[in-house]
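Report on one structure; see the data block that follows.
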Number of protein chains: 2
Amino acid sequence: MTSACHHHDEHDHHGLHGVALGRALEAAELRCAGTQERLTAPRRRVLELLLAADAPLKAYDLIAAYGEAGEPAKPPTVYRALEFLERLGFAHRIESLNAYVPCRIEGGHMAAFLICDCCGEAAEFEPDFAPTLTAAQAAGYAVRQVTLEARGLCAGCREH
Amino acid sequence: MTSACHHHDEHDHHGLHGVALGRALEAAELRCAGTQERLTAPRRRVLELLLAADAPLKAYDLIAAYGEAGEPAKPPTVYRALEFLERLGFAHRIESLNAYVPCRIEGGHMAAFLICDCCGEAAEFEPDFAPTLTAAQAAGYAVRQVTLEARGLCAGCREH
DNA sequence: GCGGTTATGTTATTTCATAACACTATCGGC
DNA sequence: GCCGATAGTGTTATGAAATAACATAACCGC
């Protein structure tokens, strides 16, 4: 996380727990049932860990936290689950952090993040991609996917 | 590069050579002289390799190509040079490729790339960041840096 | 030429990610 | 029900990307 300041009291607790976590997992199950995709045990477990976290998790954080009783997973288990979760839009990879977050925005969309270099928070948002897509089209590109990551300081960290 | 097609005849030769390469390096020297920064031998060598390349280079491509007579560099040599080149705006890292390109646009700017998943070309462009920055401000963020990478197919690769 | 600062050389290690292959589960068609 | 195709998992091993730590050398202002 490489925090530069230490005032992360209450402003970054995004993790889901208890009932809310259960509901989110249930919703994911339902969305899978709609397609012919399956939310298998390792996929569900990795999604659970992401949803419960307060900040982006690295792949090896997931590997370490995977086992209920402390036994880590093998790397391919987690990487394969992440690949699945990304494919279905349940999670996003943040390239500039080598880390992963659960998707917090409903509906098919292009991911974009505001990342606080101080507290490590990564807030998903939906900027207007029109100027970018227009420019890309003008250059002859057929865009399939856009990665947008804005780094800086969040409101909480600016004040201190 | 993981190319999906094989028609990369003549449409991605961006590499600088001979006189043009010399001029670009000279320009970099001049820009360094203006500040109190120094374009030392390893930094110059890495910049030269980036400028001469036709596509983004991985750090270990640079490490392998570093020595005039085939001897590779040690990793820290190249990573330190890249850090310098990025800091001065001579090069950019492309997060989604773990690769580096020389800066092709004059003037201080935020980097953005159109990346062809077929031929590997990475075209630097300057989209309008205003919507993104406005949204970030609305969320209370003070943005320091923006990474924007659009992946898809370039004009040449779409036709084939 | 001395001392602070910046950069380099070198060894080793850490972190991140995937290849390859054997085995198992699921599901539609018969 | 069972059979074959497909998708998913488990496991071992390895590959790729990046940095830590510390010693040495170059540069610059005085």
Side-chain angles (χ1 to χ4, degrees), chain A residues 1-2 28-29 32-50 55-69 71-88 90-101 120 147, chain B residues 1-2 28-29 32-50 55-68 71-88 90-101 120 147 149:
Chain A
M1 205 175 281
T2 65
E29 295 272 17
C32 285
T35 67
Q36 49 280 68
E37 303 285 356
R38 295 152 53 204
L39 190 64
T40 57
R43 292 166 176 180
R44 185 186 168 98
R45 175 61 177 152
V46 169
L47 178 56
E48 181 181 19
L49 290 169
L50 289 175
L57 290 182
K58 305 256 196 179
Y60 276 72
D61 294 339
L62 291 163
I63 287 167
Y66 186 89
E68 306 279 355
E71 330 81 18
K74 306 283 170 63
T77 301
V78 164
Y79 280 104
R80 290 197 279 229
L82 288 170
E83 183 186 3
F84 169 87
L85 295 172
E86 280 201 80
R87 182 159 56 78
L88 267 70
F90 291 135
H92 300 292
R93 172 180 168 82
I94 299 184
E95 298 286 351
S96 62
L97 296 176
N98 290 353
Y100 301 83
V101 289
T147 298
Chain B
M1 204 175 286
T2 66
E29 295 272 17
C32 284
T35 66
Q36 48 279 69
E37 302 284 356
R38 296 152 51 203
L39 190 65
T40 57
R43 292 166 176 180
R44 185 186 169 99
R45 175 61 176 152
V46 170
L47 178 56
E48 181 181 18
L49 290 170
L50 290 175
L57 291 181
K58 305 254 195 181
Y60 276 72
D61 295 339
L62 291 163
I63 286 166
Y66 185 89
E68 306 279 356
E71 328 82 18
K74 306 283 171 61
T77 300
V78 164
Y79 280 104
R80 290 197 279 229
L82 287 170
E83 183 187 2
F84 170 86
L85 294 172
E86 281 200 81
R87 182 159 54 79
L88 269 71
F90 291 136
H92 300 293
R93 172 179 167 82
I94 299 183
E95 298 286 350
S96 62
L97 297 176
N98 289 355
Y100 301 84
V101 288
T147 298
E149 299 170 12

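The sequence lines fix the lettering, A, B, ..., with proteins before strands; numbering per chain opens at 1.
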Without decimals, in angstroms, what is the distance between B/Phe84 CZ and C/dT8 C1'? 14 Å

Rounded to whole Å, please give me the gap between CG in B/Leu39 and C1' in C/dT8. 15 Å

Residue closer to the 5' end of DNA chain D, A/Lys74 versus A/Ala81 (nearest nucleotide): A/Ala81

Angle between the end axes of the helix from C/dG1-D/dC30 to C/dC30-D/dG1, five pairs per end, to the nearest 10 degrees? 30°

Checking C/dT6, C/dT26, D/dT9 against the side chain of A/Arg38 (C-beta onward), the nearest is C/dT26

Return the value, rounded to whole Å, for the distance between atom CD1 of B/Ile63 and atom P of C/dT11. 15 Å

Starting at CG of B/Leu82 and ending at C1' of C/dA7, how long is that distance when rounded to a whole Å? 15 Å

B/Glu37, CD: over 12 other non-hydrogen atoms inside 6.0 angstrom: yes

Looking across every strand, which nucleic acid part, if any, lies under 4.0 Å from A/Arg80 by heavy atom: base, sugar-phosphate, or nothing? base

Quickly work out the A/Tyr60 OH to D/dT19 P distance and round it to whole Å. 17 Å

Under 4.0 Å, heavy atoms only, any strand: does B/Pro76 hit a base, just the sugar-phosphate, or nothing? base

How many Å lie between CZ on B/Arg43 and P on D/dA26, as a whole number? 15 Å

Can you check whether B/Glu95's main-chain N or O pairs, donor with acceptor, with B/Glu149's side chain at less than 3.5 Å? yes

Earlier contact from the 5' end, DNA chain D, for A/Arg87 and A/Asn98: A/Arg87

Are any side-chain N or O atoms of B/Lys58 and backbone N or O atoms of B/Leu97, one a donor and one an acceptor, separated by less than 3.5 Å? yes

Check whether any side-chain N or O of A/Thr40 sits under 4.0 Å from OP1 or OP2 of D/dT9, and answer yes or no. yes

To the nearest Å, give me how far apart OH (A/Tyr79) and P (D/dG10) are. 17 Å

Does a side-chain N-to-carboxylate-O contact under 4.0 Å join B/Arg45 and B/Glu48? yes

Please give, in whole Å, the distance from D/dA18 C1' to B/Glu83 CD? 12 Å

Sub-3.5 Å donor-acceptor pair from the side chain of B/Arg43 to the main-chain atoms of B/Arg38, do we have one? yes

What's the spacing between A/Leu62 CG and A/Leu49 CG if we round to 0.5 Å? 6.0 Å

Nearest-nucleotide wise, let me know which of B/Glu37 and A/Tyr100 is further upstream toward the 5' end of DNA chain C. B/Glu37

Any side-chain N or O of B/Arg93 less than 4.0 Å from the OP1 or OP2 oxygen of D/dA18? yes

Identify the heavy atoms of B/Pro56 and B/Ala99 that sit nearest to each other, and give their distance. CB-CB, 3.7 Å

